[in-house]
Visitor: 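Structure incoming, see below.
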2 protein chains.
Amino acid sequence: MATGRTHRPATRSRGIPEATVARLPLYLRALTALSERSVPTVSSEELAAAAGVNSAKLRKDFSYLGSYGTRGVGYDVEYLVYQISRELGLTQDWPVVIVGIGNLGAALANYGGFASRGFRVAALIDADPAMAGKPVAGIPVQHTDDLEKIISDNGVSIGVIATPAGAAQQVCDRLVAAGVTSILNFAPTVLSVPDGVDVRKVDLSIELQILAFHEQRKAGEESAEGGPLPAAASRGAAADDSADQGPDGDVPAVMPA
Amino acid sequence: MATGRTHRPATRSRGIPEATVARLPLYLRALTALSERSVPTVSSEELAAAAGVNSAKLRKDFSYLGSYGTRGVGYDVEYLVYQISRELGLTQDWPVVIVGIGNLGAALANYGGFASRGFRVAALIDADPAMAGKPVAGIPVQHTDDLEKIISDNGVSIGVIATPAGAAQQVCDRLVAAGVTSILNFAPTVLSVPDGVDVRKVDLSIELQILAFHEQRKAGEESAEGGPLPAAASRGAAADDSADQGPDGDVPAVMPA
DNA sequence: TGTTGTGAATTCATTCACAGCG
DNA sequence: CGCTGTGAATGAATTCACAACA
């Protein structure tokens, strides 16, 4: 979630809802695919299917951008690609730095979709002196000492943090102090930043835990129970085959170390 | 956001809002940290700060789980850790397979937080025969041919897709056919899955694009420009702090009709 | 005709504010 | 007292359903 400040509610003009903004990249990807296949126009229904949303939502989303469709026909693919790109700020190139070139940082640096549209890996930064100079994805890794200079020399405003959790806040503080105002955080920590700085996080274990929640829910179905059972621990994890490992119904307490 | 169809509306067992579920892992992490420091109790205010949310929200979230606090005192850390773990289904161990052992897949396999609490990397799978047998993160990579057998032998219900976009849907189909009902997708594609299967996606370029949107918005706040058609191109990386508000230079919304 | 664009209705999420209890 | 738990109020997002219109 964007930690960013909520925007002014006042004037009615450019109020694109956050949920809509989050879907624009999806639409853009689907449109780009169509564009590559030289499809000239697309209906809300088709595009919605390709993007994995429903068409009413898509039309509502587009309505916040303006009236870019043609009734009875659909949307012009090229035109929409341009409009959405512009709205997302992808008609310019954003230099990005990646801090923390471990396994993950290297994977990110090598990730193709990165450089593709609107973004450019301006620098890779790592705290390990042994890495300095070593090229990753064709870009030489630089040492953390030079972080501030790198940021300002390259006019970087977007930073990616792929360090261990322990280093993340410190790196974040330095990035922000150096002028970065948007951060994508892969470290499993809550970052605190001043107002005006946006943070988004990507967190593997959170995603897995959310999946586990639903998975558990699936396993414990069939029986038509449903009482909110107030007591702390009861609920025999009555499950059947399919998915369900340890039938360890209730555990007294404490699992961490 | 969970893509894909989620839970059936049928048996309306336990109504924990999705937004709350998505925050439980955050609370759990904060609580685990407190637990490690042997902090016995914590107030909603403190815990909320540690998790980066506000305290009213946190209390409301916990209220869906039950009444686990003590008025005038706060929450017992150990007890809450257990309750949330149980709610998330982390009192059992979920075997997970990772498909696609490239840069990213390897990074995921090596990721510590993975194996830590509630999850276990049961197998690594890759389509490249040259990788077969090679250990990554101490686990030998297996070939895609054996995917179905691996899934069923290990009772896997959660799969992670870290393949190139082109292979993702196919891998997904095979995982689902083999019995996987939760998928974490790192490939930049919309996966389509049957009802009852949950998909969550992690997508670097979507996150960056969302950041770029806000970044652009910050940059274009002094001048009253930003019209519908003018091509965007300039931007002076002028990093002043506290951008966000703006006296507002609003644009006629193109075609209110 | 076929499809967009959008008010109105609905559902979901957050925040407020305070009663209730330890 | 202090802090939780929660109804009630507000706000955001989604969905419905249909008028507008190329």
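Residue numbers start from 1 in every chain, and the chains themselves are labelled A, B, ... in the order their sequence lines are given, proteins ahead of strands.
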Visitor: How many Å lie between CZ on A/R23 and C1' on D/dA12, as a whole number?
Guide: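 The distance from CZ of A/R23 to C1' of D/dA12 comes to 11 Å, rounded to the nearest Å.
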Visitor: Could you walk me through whether B/D203 and A/R29 satisfy the salt bridge (charged side-chain N to carboxylate O under 4.0 Å, His left out) test, starting with their C-alpha distance in whole Å, then the side-chain angles of each, then the deciding distance to 0.1 Å, before giving a yes or no?
Guide: CA-CA 12 Å; B/D203 193 314; A/R29 183 175 288 158; 2.7 Å; yes
Visitor: Check whether any side-chain heavy atom of B/S63 sits under 4.5 Å from a side-chain heavy atom of B/R59, and report yes or no.
Guide: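 Not in contact.
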Visitor: With a non-hydrogen cut-off below 4.0 angstrom, is A/Y75 in contact with a base, only sugar-phosphate, or nothing?
Guide: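 Sugar-phosphate, no base atom in range.
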Visitor: Heavy atoms only: give me the nearest A/Y27-A/L47 pair and the separation to one decimal.
Guide: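 So the two residues come closest at O-CD1, 4.4 Å.
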Visitor: Hey, could you give me the CG/CG distance between B/L88 and B/L24, rounded to the nearest 0.5 Å?
Guide: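 That separation rounds to 5.0 Å.
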Visitor: Between the main-chain N or O of A/L31 and the side-chain N or O of A/S35, is there a donor-acceptor pair closer than 3.5 Å?
Guide: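 A pair under 3.5 Å: no.
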Visitor: Using a heavy-atom distance cut-off of less than 4.0 Å, which residues of residues 28-35 of chain A contact DNA chain C?
Guide: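 Contacting residues: none.
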Visitor: Looking only at side-chain N and O atoms, does A/N54 come under 4.0 Å of OP1 or OP2 in D/dT14?
Guide: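 So the side chain of A/N54 is outside the cut-off, no N or O lying under 4.0 Å from OP1 or OP2 of D/dT14.
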Visitor: How about A/F62 and A/Y68: are their ring centres within less than 6.0 Å of each other?
Guide: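 Centroid separation for A/F62 and A/Y68: 6.0 Å or greater.
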Visitor: Does A/E45 CD have over 12 foreign heavy atoms under 6.0 Å away?
Guide: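 No, the 6.0 Å shell around CD holds no more than 12 heavy atoms from other groups.
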Visitor: Can you name the closest pair of heavy atoms from A/I210 and B/P25 and give their distance?
Guide: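 Shortest heavy-atom contact: CG1-CG, 4.3 Å.
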Visitor: I need the CZ-C1' distance between B/F62 and D/dC3, as an integer number of Å.
Guide: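 Interatomic distance, CZ of B/F62 to C1' of D/dC3: 14 Å.
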Visitor: Once rounded to the nearest 0.5 Å, what's the spacing between atom CD of A/Q83 and atom OG1 of A/T91?
Guide: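 Reported to 0.5 Å precision, the distance equals 10.5 Å.
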Visitor: Can you pull out the residues from residues 38-48 of chain A that lie within a 4.0 Å heavy-atom distance of DNA chain D?
Guide: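 Heavy-atom cutoff 4.0 Å gives no residues at all.
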Visitor: Using whole Å, what does the distance between atom C1' of nucleotide C/dT3 and atom CG of A/L58 come to?
Guide: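 Computing the A/L58:CG to C/dT3:C1' distance gives 12 Å.
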Visitor: About how many Å separate CG of A/D173 and OG of A/S192, when rounded to the nearest 0.5 Å?
Guide: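 Rounded to the nearest 0.5 Å, the OG-CG separation comes to 6.5 Å.
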Visitor: Output the rounded distance in Å from CD1 (A/I16) to C1' (D/dA12).
Guide: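 So the two atoms are 15 Å apart, to the nearest Å.
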Visitor: Is the backbone of A/V21 close enough, under 3.5 Å, to the side chain of A/E87 for a donor and an acceptor to pair up by distance?
Guide: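 No, because the side chain of A/E87 does not come within donor-acceptor range (under 3.5 Å) of the backbone of A/V21.
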Visitor: When you measure from the side chain of B/K57, which nucleotide among C/dT14, C/dA13, D/dG5 comes out closest?
Guide: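 Taking heavy atoms from C-beta onward, the closest nucleotide is C/dT14.
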Visitor: Output the rounded distance in Å from CG (B/L24) to P (C/dA13).
Guide: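 Rounded to whole Å, this separation is 13 Å.
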Visitor: Rounding to a whole Å, what distance do you find between B/E18:CD and C/dA13:P?
Guide: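 Checked: the CD to P distance equals 8 Å.
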Visitor: So which protein nitrogen or oxygen atoms get under 3.5 Å of nucleotides 6-11 of chain D's nitrogens or oxygens?
Guide:
{"residue": "D/dG7", "atom": "N7", "partner": "B/K60", "partner atom": "NZ", "Å": "3.4"}

